[in-house]
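Along the sequence shown, residues carry numbers from 1.
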Amino acid sequence: MSTFKLVIATPDGNKFSGEAASLSVRGSEGDLAVMAGHIPFITAVKPCPCTILLPDGTEKKGRTEGGILNVTQTETTLMSSTFSWDNDTN
């Protein structure tokens with residue numbers, strides 16, 4: 001399974017920094033998923049649930065209250081003023 005570097009950043013610090021197989025969020029134009037090799041782009045993210053598929057096949061679920069998603073060739077960054085994990089998982 002191909003992976004990419006993912007960072008979820010908030011003013012309180014990074015909520016996630018590591019390898020991911022996919023990230024699912026709601027962008028300004030609708031639901032989207034980022035996977036390894038995705039073309040670079042930037043979009044606003046609406047308040048929504050977020051799902052990260054980890055390289056071992058497990059999922060981490062959380063929620064953003066909106067922000068900016070920046071996908072580059074080397075890293076994907078979700079910048080959010082507020083991000084929380086479901087069931088308080090870190």
Of all residues at least two apart in sequence or in a different chain, which pass the side chain to side chain donor-acceptor pair (under 3.5 Å) check with D12? none
Rest of the hydrophobic cluster containing M35 (Ile/Leu/Val/Met/Phe/Trp/Tyr, side-chain heavy atoms under 4.5 Å)? none
Considering only residues two or more places apart or on different chains, which pairs with a residue in residues 48-58 satisfy side-chain hydrogen bond (donor to acceptor under 3.5 Å, both in side chains)? D56-T58
Would you say the side chains of E65 and T82 form a donor-acceptor pair under 3.5 Å? no
Only counting residues at least two apart or in another chain, list the ones meeting side-chain contact (heavy atoms from CB on, under 4.5 Å) with S17. K5, V7, N14
Under the ring pair (Phe, Tyr, Trp, His ring centres under 6.0 Å) test, which residues partner F83, sequence neighbours left out? W85
The side chain to side chain donor-acceptor pair (under 3.5 Å) partners of T76 (sequence neighbours excluded) come to none
Test side-chain contact (heavy atoms from CB on, under 4.5 Å) applied to T72 - qualifying residues, sequence neighbours left out: N70, T74, E75
Side chain to side chain donor-acceptor pair (under 3.5 Å) filter on T43, not counting sequence neighbours, yields S28
Could you list the residues that satisfy salt bridge (Lys or Arg N to Asp or Glu O under 4.0 Å) with E59, not counting sequence neighbours? K61
Under a side-chain separation threshold of 4.5 Å, the hydrophobic residues clustered together with M79 are I42, I68
For P49, side-chain contact (heavy atoms from CB on, under 4.5 Å) partners two or more places apart: R63
List, by chain and number, the other hydrophobic cluster members for I39, where Ile, Leu, Val, Met, Phe, Trp and Tyr join if side-chain heavy atoms come within less than 4.5 Å, directly or indirectly. none
